[in-house]
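Report on the structure given below.
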Amino acid sequence: MLLRVDQLKTYLRSGNQLVRAVDDVSFVVNKGETYCLVGESGSGKSVTALSVMQLLPADISSHPGGRILFDYRHDDGTVENVDLLSIDEERMRAIRGSRIAMIFQEPMSSLNPVFTIGAQLIEALQLHHPDMSYDEARARAIAALEQVQINNAAERIDEYPHRLSGGQRQRVMIAMAMACEPDLLIADEPTTALDVTVQAEILRLMKELQQRKAMSLLFITHDFGVVAQMADHLGVMRLGKLVESGRVDQVLSNPQHAYTRQLLAALPENLARHRDDRQRTSTITVPEPGAEAAHTAYERSTLLEVTNLQVHFPIRKGIFKHTVGHVRAVDGVDLRISQGQILALVGESGCGKTTLGRCILRLIDPTSGSIRFDGDDITTLSRAGMRPYRRDMQIIFQDPMSSLNPRLTVASTLTEPMAVHGIGASREERLELARQVMVKVQLSPDTIWRYPHEFSGGQRQRIGIARALVLNPRFIVCDEVTSALDVSVQAEILQILLELRREHNLTLLFITHNIGVVEYLSDEMAVMYNGKIVEQGPTDQVCRQPRNAYTQKLLAAVPRLHLG
């Protein structure tokens, strides 16, 4: 045994209310083993992990019962069994980071934006190894970045967090946690921002380090494919309680609790069995040249057309920051999306998916090429010229914590865009519309007066979806919108999006790394690699008979859950 959580109770105060976030939870993490916690957003998984790390704010949290027993290994090799709830902060600091490390769910809010990633890695190493020189710490930091597949680590170590993609930032967080080689690594959704190929590599690296150092893992995830691949034991949490626990093969193949069975039934591969084939009727085939009438009908149905789109970012070096080259983030992309169609865009982190989506919305200026929306060329429009299109073209961002204003209530977040675009005759009417949208994304309408920090990660993502929906747009770029959601909420969100598509003929560019979601949701699929589209076609065709070698590699890396 390395960690024993014994009848843990963690209560949080929210105004005059007392929330039983963790209520009488017990489990054991053995040395060298992996214990996975799954459950819906708000079920208490992350609060359990933060309780172990003692990172909850003291003024709003309390532990009225329970113990967290940890085998603390001193530098001389002796082991002391300590209760993490009863030791002082100085001793906890000695344990935190060196003996117990944590990978947080949202990398952009966890990394300091004013320091380079190298400075943050080196600080962590020198804090726990005071005798380590700067040069040695920098060398170890570069090695840690290389271990998590950051290309050109010796150069990227001096980059700031905002210069990295979401997946790359998550890999930096993993490198920071693993650099000190802890006895217990708590991983809170560590692969949600990673594409499947990098996820497979990261999971393999975690397993290698675990075996080499006899490290234990407390792994929080909503991906049952990852659970089947990583876990020795599995615990299912609901409303602060552990409703089912046992060996992973037993729980997955023969779940005893109704909630566990509900989670497994919500997996995209299980939802796909009941899928309505009419979802694909909006897919249009490009007609042969010469078929003039058919061509006219096709052009009328095309909502978005991108031709030879390029986005190049300058590389500047030297004292005077001269441009010495360019990063070809998007390099000659052609896309055509029909009204009411869902096109999934997949590819590795840093391949240009998000840049392409933001450029289509003119949040980033293109270097060359053209963007046509509903027949209008919007490529060179000014900010003022783009304003009439903003209501019809919306985006749901990948990281809900950094995209939501922490100083605005949900009510303000939802009603301000409506006021700007003239939706609703009064504030009361806009508030009522906001409540209706909150219900659509499975949140209580009474929570609109809360602030973003009062919600879980998955709940914040649903607020981000609601913010896009309040304007009733025609086209939405969905940038990893289900990455922070557990499977049951993910299923609800996907069904909501499909229902909105059916009701309003909504068109989606769905950026994701979850192939199960792609197979369930999308009509067509485009695979992006190094700024280019390497394969595109109907989703079923691409997934079943991939022609490009990169697509084959991508699909082979998908963790699958095979139930007996």
(message) To the closest 0.5 Å, what do you measure between CZ (Arg390) and NE2 (His421)?
(response) 9.0 Å

(message) Once side chain to side chain donor-acceptor pair (under 3.5 Å) is applied, do any residues pair with Asn472, and if so which ones, sequence neighbours excluded?
(response) none

(request) For Arg387, look at atom CZ and say whether over 12 heavy atoms of other residues, nucleotides or ligands are found less than 6.0 Å away. (result) no

(message) I need the Ser245 OG to Leu234 CG distance, nearest 0.5 Å.
(response) 7.0 Å

(request) Work out which heavy atom in Met393 is nearest to a heavy atom in Ile360; give both atom names and the distance. (result) CE-O, 3.5 Å

(message) Can a donor-acceptor pair be found, under 3.5 Å and without considering hydrogens, that links the side chain of Glu454 to the backbone of Tyr451?
(response) yes

(message) Tell me every residue that passes side chain to side chain contact (heavy atoms under 4.5 Å, CB included) with Leu18, counting only those two or more places apart in sequence or in another chain.
(response) Tyr11, Arg13

(request) Using salt bridge (Lys or Arg N to Asp or Glu O under 4.0 Å) as the criterion, list what pairs up with Arg474, not counting sequence neighbours. (result) Asp374

(message) If the condition is side chain to side chain donor-acceptor pair (under 3.5 Å), which residues does Arg430 pass it with, not counting sequence neighbours?
(response) none

(request) For Lys353 and Glu348, indicate whether the former's side chain and the latter's backbone hold a donor-acceptor pair under 3.5 Å. (result) yes

(request) Taking salt bridge (Lys or Arg N to Asp or Glu O under 4.0 Å) as the test, write out the residues that go with Arg238, two or more places apart. (result) none

(request) Give a yes or no on whether the backbone of Pro473 and the side-chain of Gln394 come within a donor-acceptor separation of less than 3.5 Å. (result) no

(request) May I ask you to check whether over 12 heavy atoms, not counting those of Glu503, lie within 6.0 Å of atom CD? (result) yes

(message) Run the salt bridge (Lys or Arg N to Asp or Glu O under 4.0 Å) test against Lys241 and tell me which residues pass, sequence neighbours left out.
(response) Asp23

(request) Sequence neighbours left out, what passes side chain to side chain contact (heavy atoms under 4.5 Å, CB included) with Val148? Give chain and number order. (result) Ile150, Arg171, Ile174, Ala175, Ile202

(message) Do Leu469 and Ile476 make a side-chain contact, defined as non-hydrogen atoms from C-beta onward lying under 4.5 Å apart?
(response) yes

(request) First locate atom CG of Asp188, then atom CG of Leu50, and finally report the distance between them rounded to the nearest 0.5 Å. (result) 7.0 Å

(request) Not counting sequence neighbours, which residues clear ring-ring contact (aromatic ring centres under 6.0 Å, His included) with Phe27? List them please. (result) Tyr35

(message) Minimum heavy-atom separation for Ile396 and Ala468, please, with both atom names.
(response) CG1-CB, 3.6 Å

(request) To the nearest 0.5 Å, tell me how far Arg358 CZ sits from Ile395 CD1. (result) 5.5 Å

(request) State, to 0.1 Å, how close Ala266 and Ala491 come at their nearest heavy-atom pair, and which atoms those are. (result) O-CB, 3.6 Å

(message) With a 6.0 Å cut-off (strictly less than), is the heavy-atom count around CZ of Arg20, excluding the residue itself, greater than 12?
(response) no

(request) Pick out which of Val38, Leu37, Val226 makes a side-chain contact (heavy atoms from CB on, under 4.5 Å) with Phe219. (result) Val226

(request) For the pair Gln459 (side chain) and Leu443 (backbone), establish whether a donor and an acceptor sit closer than 3.5 Å, ignoring hydrogens and angles. (result) no

(request) Determine yes or no for a side-chain-to-main-chain donor-acceptor pair under 3.5 angstrom, with Arg501 supplying the side chain and Gly340 the backbone. (result) yes

(request) For Phe455, enumerate each residue passing the ring-ring contact (aromatic ring centres under 6.0 Å, His included) test, keeping only those at least two apart in sequence or located in another chain. (result) none

(request) Starting at CG of Leu521, measure out to CD of Glu519 and round the result to the nearest 0.5 Å. (result) 11.5 Å

(message) A quick test of your reading: do over 12 heavy atoms of other residues, nucleotides or ligands sit less than 6.0 Å from OH of Tyr529?
(response) no

(request) Name all residues meeting the side chain to side chain donor-acceptor pair (under 3.5 Å) criterion together with Asn16; count only those two or more places apart in sequence or in a different chain, and write none if there are none. (result) none

(request) Measure from the side-chain N and O atoms of Arg450 to the backbone N and O of Val410, and report whether any donor-acceptor pair falls under 3.5 Å. (result) no

(request) Check whether any side-chain N or O of Glu159 sits under 3.5 Å from a backbone N or O of Leu164 as a donor-acceptor pair, and report yes or no. (result) no

(message) So Thr34 and Lys207, do their side chains get closer than 4.5 Å, heavy atoms only?
(response) no

(message) Can you tell me how far apart CG (Asp540) and CE (Met525) are? Round to the nearest 0.5 Å.
(response) 10.5 Å

(request) May I ask you to decide if Asn112's main-chain N or O and Gln120's side chain share a donor-acceptor pair within less than 3.5 Å? (result) yes

(request) Over all heavy atoms of both residues, which pair between Gly44 and Val22 is shortest? Give the atoms and the distance, please. (result) O-CG2, 3.8 Å

(message) Quick check: closest heavy atoms across Tyr160 and Pro113, and the distance to 0.1 Å?
(response) CD2-O, 3.6 Å

(message) Restricting to ring-ring contact (aromatic ring centres under 6.0 Å, His included), what partner residues turn up for Phe224, sequence neighbours left out?
(response) none

(message) Run the side chain to side chain donor-acceptor pair (under 3.5 Å) test against Thr10 and tell me which residues pass, sequence neighbours left out.
(response) Ser51, His63

(message) Using only atom types and a distance under 3.5 Å, with no angle test, would you say the side chain of Lys45 pairs donor to acceptor with the backbone of Gly39?
(response) yes

